[in-house]
Each structure stands twice: as C-alpha cells, then as structure tokens.
K.L.:
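Sharing a structure, written as structure tokens. Questions coming.
Nothing here was measured: the structure is a model prediction, and the numbers come from that model. Chain letters run A, B, ... following the sequence lines, proteins first and then strands; every chain starts at 1.
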Number of protein chains: 2
Amino acid sequence: MTDLLKIWGERLRSEGYRLTRARRAILEALAAGESHMTPEELHRQARRRHRSLGLVTVYRTLALLEKLNLVQRVHQGALSCHSFIAVRLPTGHHHHLVCRTCGRVEEFPDCALDDVLRRLQARTGFAIESHHVEVVGRCPECQ
Amino acid sequence: MTDLLKIWGERLRSEGYRLTRARRAILEALAAGESHMTPEELHRQARRRHRSLGLVTVYRTLALLEKLNLVQRVHQGALSCHSFIAVRLPTGHHHHLVCRTCGRVEEFPDCALDDVLRRLQARTGFAIESHHVEVVGRCPECQ
DNA sequence: ATATTAATGAAAAATTTTTTCAATAAGGCA
DNA sequence: TGCCTTATTGAAAAAATTTTTCATTAATAT
C-alpha cells in the first residue's frame, strides 16, 4: 500500500500538481480502503490523518484523481453512483467485482471482453470507444 | 412505441398501481425518447403532454419504474449517473450501447458475457448475482 | 530563506433530491 | 352512472449534495 502512495505521489508531481498534506491524507485513506467510499465517508477517514481537512478538498481531490485515473467511480444500479475506489491494477483496463454485503471491491482484467465488443461493433456500426463493466455478488467471506 | 405504452400500462395495473395522467405523460416521454434523460429533462418533455406535472412526480415515477425494471439508469464514467432510458428489449438481460455524441442508446443482449462471468466466479469465489455493462462510442450517423 | 503561485478551508450559493401534507382523481363497486 | 376509498399528486419546505468565491496558507523552485 505504501507503494501505491509513492506511485501516486510521483504521478501527481509529474503532472505538475503539488503533493500537499490534504492530498496525502486522502490518498492514504483511499489506499487503505477495501471498499468504495462516498466523498463524505472518505472525508471522515482522511480526517483521522489531517484533522482540519475540508470536505471541499475531498471533492476537488477526487475530481483530480479521477482525471488522472487513480480512482474510479463504483456504480451499481441505482446506488453508489458517487462512491470511489482506488485503482490498483496499474496496467491496462480493468473492471470491478463488488461485494453486495461488505462493499469490498476486487479488480479484474479485461480479458475476453474484447471479443464481445468487436462483434458488437461490427453488428451495430458504432465506433466503440470505451466501456464500463461492473459485477455485483457476494465475496467468499460474506456468503 | 404505442405498444410499449400499452404493455407498461398493463404492468403497472397488474402490480396494483394506478395509471394516472401524470404517469402516462412520463411513460410517453420515455417511450418517445431516443436518448437518456435526467429527471429534469424528462420533466420538461412530459410537461408537453401534461402541463401541471410536478418534478416530484417524475422522481417518484422513475423510482417506481426502476423498481419494475421498465427503465434503467445510464452510467458512463463520471457522467450521466442520473439519466434514465426506457427498457425496450422485453426478454432477458441486456445492456446499453450509448452514442457519446447524440446520446442515442441501443440495447444489446447479454450473449457471450456469461462465459466471462462464469470464469470470474470460479476464479474469485464470489457468488455473482448481477452485472452491469455499458459501452460508449459513436453511432453511425455521428461518425 | 524567499518568492511565486497552486491549493486550502470557510462560508455562501447553487443544485439536486426527499419529505410533508392537504387536495385530487383513479378505479372498484353499488 | 355516481359514489367511496385510498393511492397519487403538486406545492412548499426541508434535507442533502455539490460547486463557487475568496482571503489565507503552504508547497516547491530558486
């Protein structure tokens, strides 16, 4: 996890952003989180490291991290549209397998979906640019 | 499209809900829409049929229709978490292919995904219950 | 150390969604 | 048909969420 932090820090720097105390606290909370968190929840967590952290900064930082692809939103049907989770698989495209009970999120790679998409593209004439997959179930512990 | 309306009406009735003027207006707007709409947009459209329709009723009706699986939310990354579109493929599971430019939504069936999910389930130990796929691209007209 | 300027936090504003409640109208039934 | 019951509605208010503004702070290059 410390590894993740370092990588993220470097990434921010290399993009010309400053690595502030507020951002560090938010990144740490994200890296520690096993489950997706709303801005509010993330704020609560991150404040354990940085007491005076404002919720506004959480919103701003999430927007930044989302732009840089360091976090991803978690969608499931109606809910959780505004929950975020750290992106851990650094290489390539991946998706989320979310536990309905404990909220734990597992990343899984893209494999085998390409085929489906290629056929879809051929059949519909759409120029496919991106896709988003989310799978919900119960993790081994929660079953 | 008129067909769709009739089916929806019957479905509401059979579930014990009343087919009111407000709901009819909302259903018509949804059935006519080629693209996903936010509650606000839907309200604007539906009011052309029913002038005094309140936005609250749109929210309530969407919640109901979502519960009955007559509409689905459209997600794409950060945006559109709160946009809805009518479910047209009546049988079985399907997903959305969304045009980035004009917002048009095409439904496509589930085929070939089952395999991917079966393998995922075997590998992770999750009991997979549902999934959500959304593909974004540009439709033939918009390319 | 200092200067530059991006980033922060607080407050206010804007936006979105939900709740409350009295009035209305849908659908069943005589 | 016309009445009765009760789900549904719309308006207003409240709650929740997100964004903007702006003076202050602190991260980084020098």
Side-chain angles (χ1 to χ4, degrees), chain A residues 5-6 8-29 36-68 70-71 73-75 77-84, chain B residues 5-6 8-29 36-68 70-71 73-75 77-84:
Chain A
L5 268 182
K6 211 165 139 190
W8 283 350
E10 279 161 14
R11 179 73 194 289
L12 281 181
R13 290 294 203 66
S14 79
E15 300 276 349
Y17 299 103
R18 293 180 183 175
L19 189 46
T20 63
R21 180 151 177 229
R23 285 179 181 161
R24 233 180 331 250
I26 294 168
L27 290 174
E28 279 173 28
H36 46 118
M37 288 178 276
T38 62
E40 195 93 45
E41 287 163 348
L42 186 55
H43 182 224
R44 197 177 319 121
Q45 291 306 315
R47 264 220 301 195
R48 294 167 34 163
R49 267 119 177 164
H50 180 32
R51 224 46 203 321
S52 65
L53 177 68
L55 178 57
V56 216
T57 300
V58 174
Y59 274 101
R60 285 191 281 227
T61 303
L62 281 172
L64 173 60
L65 296 176
E66 189 174 27
K67 196 171 70 182
L68 298 181
L70 303 181
V71 299
R73 271 169 210 269
V74 176
H75 304 261
L79 281 106
S80 300
C81 286
H82 301 284
S83 284
F84 294 81
Chain B
L5 268 183
K6 212 165 138 188
W8 284 349
E10 279 161 15
R11 178 75 194 287
L12 281 181
R13 290 297 201 67
S14 78
E15 301 275 349
Y17 299 102
R18 293 181 182 172
L19 189 47
T20 62
R21 184 154 173 226
R23 286 180 180 160
R24 236 182 326 255
I26 293 168
L27 289 173
E28 279 173 29
H36 46 117
M37 287 177 275
T38 61
E40 195 92 48
E41 287 163 349
L42 186 55
H43 182 225
R44 198 177 318 120
Q45 290 307 314
R47 263 219 303 197
R48 294 165 36 161
R49 269 119 177 164
H50 179 33
R51 226 42 202 325
S52 64
L53 177 68
L55 177 57
V56 216
T57 299
V58 174
Y59 274 100
R60 286 191 280 229
T61 303
L62 282 172
L64 174 61
L65 296 177
E66 189 174 28
K67 194 171 71 181
L68 298 180
L70 303 180
V71 299
R73 273 169 209 268
V74 175
H75 304 261
L79 281 107
S80 300
C81 286
H82 303 282
S83 283
F84 293 81

K.L.:
Counting N and O atoms only, with roles assigned by atom type, does the side chain of B/T61 sit under 3.5 Å from a partner on the main chain of B/V58, one being a donor and the other an acceptor?
P.N.:
no
K.L.:
Distance check: side-chain N/O of B/T20 vs OP1/OP2 of D/dT9, anything under 4.0 Å?
P.N.:
yes
K.L.:
Return the nearest nucleotide to the side chain of A/Y59; candidates are D/dT18, C/dT8, C/dC21.
P.N.:
D/dT18
K.L.:
Nearest nucleotide by nearest heavy atom, which residue falls closer to the 5' end of DNA chain C, A/V56 or B/L19?
P.N.:
A/V56
K.L.:
Which nucleotide in the list D/dG10, C/dA6, C/dG27 gets nearest to the side chain of A/R18?
P.N.:
C/dA6
K.L.:
Just the rounded figure in Å: distance from C1' of C/dT16 to CZ of B/R73.
P.N.:
12 Å
K.L.:
Within the 4.0 Å heavy-atom criterion, would you say A/R13 contacts the bases, only the backbone, or no part of the nucleic acid?
P.N.:
sugar-phosphate
K.L.:
Check the distance between D/dA27's C1' and A/L64's CG and give it to me in whole angstrom.
P.N.:
15 Å
K.L.:
Expressed in angstrom and rounded to an integer, what is the separation of B/L62 atom CG from D/dT8 atom C1'?
P.N.:
16 Å
K.L.:
Would you tell me if any nitrogen or oxygen in the side chain of B/H50 comes within less than 4.0 Å of OP1 or OP2 on D/dG10?
P.N.:
yes
K.L.:
Would you kindly give the NE2-to-P distance between B/H43 and C/dT15, to the nearest whole Å?
P.N.:
17 Å
K.L.:
Run B/R11 and B/E15 through salt bridge (Lys or Arg N to Asp or Glu O under 4.0 Å) and show every step you take.
P.N.:
CA-CA 6 Å; B/R11 178 75 194 287; B/E15 301 275 349; 3.1 Å; yes
K.L.:
With respect to the side chain of B/L55, which nucleotide from D/dA11, C/dG27, C/dT17 is positioned closest?
P.N.:
C/dT17
K.L.:
Taking the side chain as every heavy atom from C-beta outward, state whether B/L64 and B/R23 have any atom pair closer than 4.5 Å.
P.N.:
yes
K.L.:
Whole angstroms only, please: what is the OH-C1' distance between B/Y17 and D/dT8?
P.N.:
12 Å
K.L.:
Atom CG of B/L12 to atom P of D/dT9: distance rounded to whole Å?
P.N.:
10 Å
K.L.:
If the cut-off is 4.0 Å, is A/H82 near the phosphate of D/dT17, judged by side-chain N/O to OP1 or OP2?
P.N.:
no
K.L.:
Applying a 4.0 Å non-hydrogen cut-off, can you work out what B/R23 is touching in the nucleic acid: base, sugar-phosphate, or nothing?
P.N.:
sugar-phosphate
K.L.:
Using whole Å, report how far CD1 of B/I26 lies from P of D/dT8.
P.N.:
12 Å
K.L.:
Indicate yes or no for a side-chain donor-acceptor contact from B/E66 to the backbone of B/A63 under 3.5 Å, with no hydrogens or angles considered.
P.N.:
no
K.L.:
Might you point out which heavy atoms bring B/A29 and B/Q45 nearest each other, and give the distance in Å?
P.N.:
CB-CB, 3.9 Å
K.L.:
What nucleotide among C/dA26, C/dG9, D/dA27 has an atom nearest to a side-chain atom of A/L53?
P.N.:
C/dG9
K.L.:
Counting side-chain heavy atoms from CB outward, which of C/dT8, C/dA26, D/dT8 is closest to B/R21?
P.N.:
C/dA26
K.L.:
Using whole Å, what does the distance between atom C1' of nucleotide C/dT15 and atom CD of B/E41 come to?
P.N.:
15 Å
